[in-house]
Participant: 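First the structure, which I've put down as structure tokens, then a few questions once you've had a look.
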Amino acid sequence: MDAAADCGQQATPDDETLLTKPQCDTPQYDGFVRDFLATNAAPDSKAVVKLARKLCPTWPIPKQEGRREDPTMVRVAVMDSSFNPPHYCHGAYLECMGVAELALAAAEGGREARMLDIDAFLLLLGSSNADKPLQGASLEQRMRMVDMLATTVAVDASADTWHLWKSRDQFMASNLHNMAIGMVNTPRFVDKCRAVRDV
């Protein structure tokens, strides 16, 4: 699926400290969810992660290659959830996953947050849960909401929950723009970890 917004999106001419808001429609995920379940829902299926969308076309490799100490290794921060529904705290947690000294950076107005060496982010919707049945929103509805969450956090700096980003350069240094979303078919974290390594 094509990314709706390039991860190198330009800042507005009026205020270069802000990112422009994305102008895109949320993709439909009926076919993606149906195909994923048809091929990966059997109890004896191998643990599989399938990507639905990359918001940055180079994912998981960040565009800022120069800051990576080891070009042979990619550090991916994974948020795995049932997303029923995605909410404010999901977004806030995503923003602080790659930031050290978060409380100090948020409290001191002029201070820049210190970034951890996370190269990419992955939001994973589980098709099954270890301790509860599927209730509420359908998997397709959840995928659309995950897409909206990812787009908001990865593209729209005005949605900055912790008021961390003092400039576009600082936001880009977080690599939050380098995000992908997908599904995983196993409820156990140890199996999910193995499946993520195969992506």
Side-chain angles (χ1 to χ4, degrees), residues 1-10 18-41 47-63 74 76-98 118-129 134-162 164-165 168 171-172 174-187 192 195-196 198-199:
M1 204 170 281
D2 293 334
D6 178 44
C7 60
Q9 189 173 1
Q10 296 298 313
L18 295 178
L19 298 179
T20 56
K21 292 185 178 180
Q23 300 295 322
C24 60
D25 294 324
T26 306
Q28 299 288 332
Y29 287 101
D30 299 89
F32 173 81
V33 171
R34 184 173 54 250
D35 293 346
F36 182 84
L37 294 177
T39 55
N40 301 297
V48 171
V49 167
K50 184 175 180 183
L51 298 183
R53 182 177 176 216
K54 299 176 183 180
L55 276 75
C56 185
T58 61
W59 189 95
I61 306 300
K63 282 201 167 182
V74 178
V76 180
V78 180
M79 176 180 281
D80 171 70
S81 176
S82 58
F83 295 112
N84 187 31
H87 50 73
Y88 178 90
C89 291
H90 285 113
Y93 185 65
L94 264 177
E95 288 172 359
C96 68
M97 281 174 79
I118 295 178
D119 298 308
F121 293 80
L122 174 61
L123 302 185
L124 277 184
L125 169 64
S127 61
S128 62
N129 195 295
L134 179 67
Q135 296 177 332
S138 69
L139 290 175
E140 193 277 337
Q141 290 170 327
R142 296 183 199 192
M143 280 301 304
R144 293 196 73 189
M145 290 188 286
V146 170
D147 187 286
M148 288 184 252
L149 170 66
T151 301
T152 298
V153 174
V155 182
D156 184 6
S158 66
D160 175 13
T161 305
W162 297 100
L164 293 173
W165 319 126
R168 174 182 171 79
F171 175 80
M172 295 298 285
S174 74
N175 279 330
L176 271 169
H177 60 282
N178 193 24
M179 194 175 298
I181 65 174
M183 288 185 69
V184 60
N185 66 335
T186 180
K192 291 177 184 183
V196 166
D198 294 335
V199 173

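Bear in mind that the values here come from a model prediction, so they are computed numbers and not experimental data. Atom set for the values below is all heavy atoms of this structure, side chains included, hydrogens, waters and symmetry mates excluded.
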Participant: Is there a side-chain contact between Arg53 and Thr151 in this structure, where contact means two heavy atoms from C-beta onward sitting under 4.5 Å apart?
Facilitator: yes
Participant: So, do Trp59 and Val76 sit near enough that their side-chain heavy atoms are less than 4.5 Å apart?
Facilitator: yes
Participant: Say you draw a straight line from CG of Asp119 to CG of Asn178; how long is it, rounded to the nearest 0.5 Å?
Facilitator: 8.0 Å
Participant: For the atom pair CG (Asn84) and CG (Leu134), what is the distance rounded to the nearest 0.5 Å?
Facilitator: 7.5 Å
Participant: Does any non-hydrogen side-chain atom of Met145 lie less than 4.5 Å from one of Phe83?
Facilitator: no
Participant: Which pair of non-hydrogen atoms, one from Ala41 and one from Leu37, has the smallest distance, and what is that distance?
Facilitator: CB-O, 2.9 Å
Participant: Looking at every non-hydrogen atom in both residues, tell me the closest pair between Leu149 and Pro86 and how far apart they are.
Facilitator: CD2-CB, 4.0 Å
Participant: Before giving the answer on side chain to side chain contact (heavy atoms under 4.5 Å, CB included), spell out for Asn129 and Gln135 the whole-Å C-alpha distance, their side-chain angles and the decisive distance to 0.1 Å.
Facilitator: CA-CA 11 Å; Asn129 195 295; Gln135 296 177 332; over 6 Å; no
Participant: Between Arg142 (side chain) and Ala137 (backbone), is there a donor-acceptor pair under 3.5 Å?
Facilitator: yes
Participant: Working to the nearest 0.5 Å, report the span between CZ of Phe32 and CG of Leu51.
Facilitator: 7.5 Å
Participant: Just verifying a value: how many Å separate Met79 CE and Ile181 CD1, rounded to the nearest 0.5 Å?
Facilitator: 13.5 Å
Participant: Within a strict 4.5 Å, meaning less than it, do heavy atoms of the Glu140 and Gln28 side chains meet?
Facilitator: yes
Participant: Considering all heavy atoms of both residues, which atom of His177 and which atom of Cys56 are nearest to each other, and what is their separation?
Facilitator: O-CB, 3.6 Å
Participant: So Val196 and Asp80, do their side chains get closer than 4.5 Å, heavy atoms only?
Facilitator: no
Participant: How about Lys50 and Thr39: do any of their side-chain heavy atoms sit closer than 4.5 Å?
Facilitator: no
Participant: Show the nearest heavy-atom pair for residues Pro62 and Asn175, with the distance to one decimal.
Facilitator: CB-OD1, 3.5 Å
Participant: Could you give the distance from OG1 (Thr152) to CG (Leu94), rounded to the nearest 0.5 Å?
Facilitator: 10.5 Å
Participant: With rounding to the nearest 0.5 Å, note down the distance linking OG in Ser174 to CZ in Phe121.
Facilitator: 6.0 Å
Participant: Looking at Val48, Leu139, Val49, which hits side-chain contact (heavy atoms from CB on, under 4.5 Å) with Met183?
Facilitator: Leu139
Participant: Do the non-hydrogen side-chain atoms of Leu125 and Phe36 ever get within less than 4.5 Å of each other?
Facilitator: no
Participant: Could you pull out the closest heavy-atom pair between Met143 and Ala52, with the gap in Å?
Facilitator: CE-CB, 3.6 Å
Participant: Show the nearest heavy-atom pair for residues Asn185 and Ser128, with the distance to one decimal.
Facilitator: O-OG, 3.6 Å
